[in-house]
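Accompanying notes for the structure given below.
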Amino acid sequence: MHGPGRQGETHVRLEGVTKVFRGLGRGRPDVHALGPIDLDLAKGEFFAVVGPSGCGKSTLLEVLAGLATVTEGTATFEGRPIKGEVPDGVGVVFQEDACFPWLTVAENIGFGLRETSLPAGEVEARVRRAVATMGLDGFAGAYPSQLSGGMRQRVCIARTLVLQPRLILLDEPFGALDQQTRLLMGEELLKLWRETGATVFLITHALDEAAMLADRIGVMSARPGRLLEIIETGWPADRDSRIIEESAFGAITAKLWRHLRAESLKVLGKGTDAA
Amino acid sequence: MNDAPPWRGPLLLVIGVTAVWQVLYLLVGEIALRSPAETVASLAGLLADPRFWPHLRETTLAFGFALLLAAASGLLIGITLGVNRFARDVAEPMLVAIYSIPKVTLYPILLLAFGLGISAKVAFGAIHGFIPIALFTMNAVRTIRPVLIKTGRIMKLSPPALMWRILLPAALPEIFTGLRIGFSLTLIGTLLGEMFASQRGLGFMLMNAIGLHHVDIIMSITLLVTVFAVTVSLLLIHLDRKLPR
Ligand SMILES: Nc1ncnc2c1ncn2[C@@H]1O[C@H](COP(=O)(O)OP(=O)(O)OP(=O)(O)O)[C@@H](O)[C@H]1O
Ligand SMILES: [Mg+2]
């Protein structure tokens, strides 16, 4: 059995999406960061993206989030074009620490909820649940500066998830976590994904993370980032971190690495093995 | 350091300053100085004198208005320049230039514009104070981490909400530093304004006392202003440290 949404309707569609950062004069060259990229995400699927450093993964995420405009091509979410405006129902966890340092953990998590019309009691209840789910018990009143990097990232994840987005965009959300916590947070994410039926778009540099979490994994080339291949994992929806013991897991990771090794070497300026 | 009670620093400061003052007094003598004890006594006498109150009132009022004006215009200009790159490129060199000229040279013009009343002092105080507030605010807003703004956009904050809930709190620690400096400079500006052309206020009294060589009054007013400035500054520093960053 495949993940919940694989046969379902298209949730996100990218057609020829390209991003060029203009150099803005004085001899600074344009940077072709991304694309062209064609990609359909099915409603409720878990899609992971891996790619060498600087290949345009974060740029792709910003396009999906409506934070960046495309230079060419179109991006649509739930049938409507995303054009430099954040669509309703999209949540983002950024690569950098995005906690508000002047707010406590609980206030950070409830930040977006307070913008909604939810009653205060419901906001508080959701925040309390999120604090517990993210393993932040006892830190609700703490300020971000009193937390570790991994805990801060969990605050940001919680702040996004409490809004119950239909499309969740995550940019290396577990980058600051240690390996054990990473696997367990991955399990939490899978659980949330199953419960909410949200579409997940996850950028990661950890191949095992991609192999364990995703229904499909997109492998990107060195900049300008293009999709080299999309690998189907074929995992059941009720998977957890124990699938890393399966032989298929090793095969997927190996395949990912085969692609990525060559691309990463290009980024490091070492050319290919033949050179 | 951190487990010392919050009043320890200020207490040491008072003791230190008083000691230095006493020693100076013993060295210099009655011609130019009064002892700490005498000064406190003459200040008490001054405060008990009803003729002193209009002067104090005038200065307080002028300073209050000047600070309000400096803070409001400084914040407004600072935020505008912080958000708008083009405006910043144009205005920043001008602000820095104005900041560096001795503002006393502007005073005759202000007097012509505002006359001898309270408004000239207010304007003079505000001119001293608003530039550091504007510059600090501008830098604070400019250096806010973009990811915080992006988070606000993802949460679909309206532009005013973005300003109140993210821009201002993110910039607050640095704005606070600007306000602290702005406070001191506004106070100096207001008093200077009173000293050069005015018929009322502490600055005016000070100038008169200097002319008549009333060392008691000079010392008392200096003490009063110093105690006020230091107290507020310490309070602001204390608040500043309590801001989470
Ligand atoms: N605002 C910008 N202006 C100019 N160039 C940019 C801008 N943002 C990103 N770039 C360039 O676009 C390319 C892709 O950047 P992006 O951040 O999307 O890469 P990434 O795949 O997320 O990298 P990493 O794995 O290191 O996070 C990089 O070469 C980067 O220098
Ligand atoms: Mg990135």
Side-chain angles (χ1 to χ4, degrees), chain A residues 24 58-59 61-68 82 84-105 107-117 141-147 152-153 155-163 165 167-172, chain B residues 1-3 75 78-79 82-90 93 136-137 139-180 236-245:
Chain A
L24 295 177
S58 298
T59 306
L61 178 133
E62 297 216 342
V63 166
L64 285 170
L67 292 172
I82 309 167
E85 206 191 303
V86 181
D88 274 323
V90 174
V92 181
V93 177
F94 291 101
Q95 189 168 8
E96 300 164 71
D97 170 21
C99 284
F100 297 124
W102 60 92
L103 297 179
T104 63
V105 166
E107 288 165 346
N108 260 289
I109 295 176
F111 185 89
L113 283 176
R114 239 165 273 127
E115 287 294 307
T116 63
S117 53
Y143 284 94
S145 59
Q146 299 165 292
L147 308 181
R152 279 203 289 272
Q153 194 60 328
V155 172
C156 294
I157 296 172
R159 186 175 61 190
T160 299
L161 293 183
V162 288
L163 291 168
L167 171 64
I168 306 175
L169 309 170
L170 302 129
D171 198 347
E172 304 198 6
Chain B
M1 273 295 289
N2 275 335
D3 38 18
L75 283 174
I79 290 174
V83 176
N84 187 329
R85 162 118 194 248
F86 176 70
R88 177 164 71 239
D89 288 347
V90 174
F136 271 89
T137 306
N139 263 319
V141 169
R142 194 185 48 159
T143 52
I144 290 175
R145 294 174 42 235
V147 75
L148 299 184
I149 313 258
K150 284 182 197 166
T151 303
R153 287 176 61 193
I154 291 290
M155 305 278 184
K156 311 209 72 140
L157 263 57
S158 62
L162 203 64
M163 163 128 162
W164 282 111
R165 296 195 61 197
I166 295 184
L167 232 51
L168 267 183
L172 199 61
E174 263 182 272
I175 291 179
F176 224 81
T177 309
L179 284 175
R180 231 168 58 212
L236 289 177
I237 290 177
H238 180 67
L239 281 176
D240 196 357
R241 290 223 180 108
K242 281 177 74 174
L243 290 176
R245 45 180 97 206

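Every chain is numbered from 1, with letters handed out A, B, ... down the list of sequences. For the numbers below, each heavy atom of this structure counts, side chains included, while hydrogens, waters and symmetry mates do not. Small disclaimer: the values here were computed from a predicted structure and weren't measured.
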Under 4.5 Å from any heavy atom of chain B - which part of [X]:
X	value
A:V92	both
A:P87	backbone
A:C99	backbone
A:L113	neither
A:E62	side chain

For [Y], does its backbone N or O pair with a side-chain atom of [X] as donor and acceptor, under 3.5 Å?
X	Y	answer
A:E115	B:G152	no
A:R152	A:L147	yes
B:K156	A:V86	yes

Under 4.5 Å from a heavy atom of chain A, the part of B:R145 involved: side chain
Side chain from CB out, backbone as N, CA, C, O: work out which of these in B:I166 comes under 4.5 Å of a heavy atom of chain A, or both, or neither. both
On a heavy-atom basis, which atom in B:R153 and which in B:L162 lie closest, and how many Å separate them? N-CD1, 4.2 Å
Using ring pair (Phe, Tyr, Trp, His ring centres under 6.0 Å) as the criterion, list what pairs up with B:F176, not counting sequence neighbours. none
Could you pull out all residues at least two apart from B:I237 that satisfy side-chain contact (heavy atoms from CB on, under 4.5 Å)? B:R180, B:R241
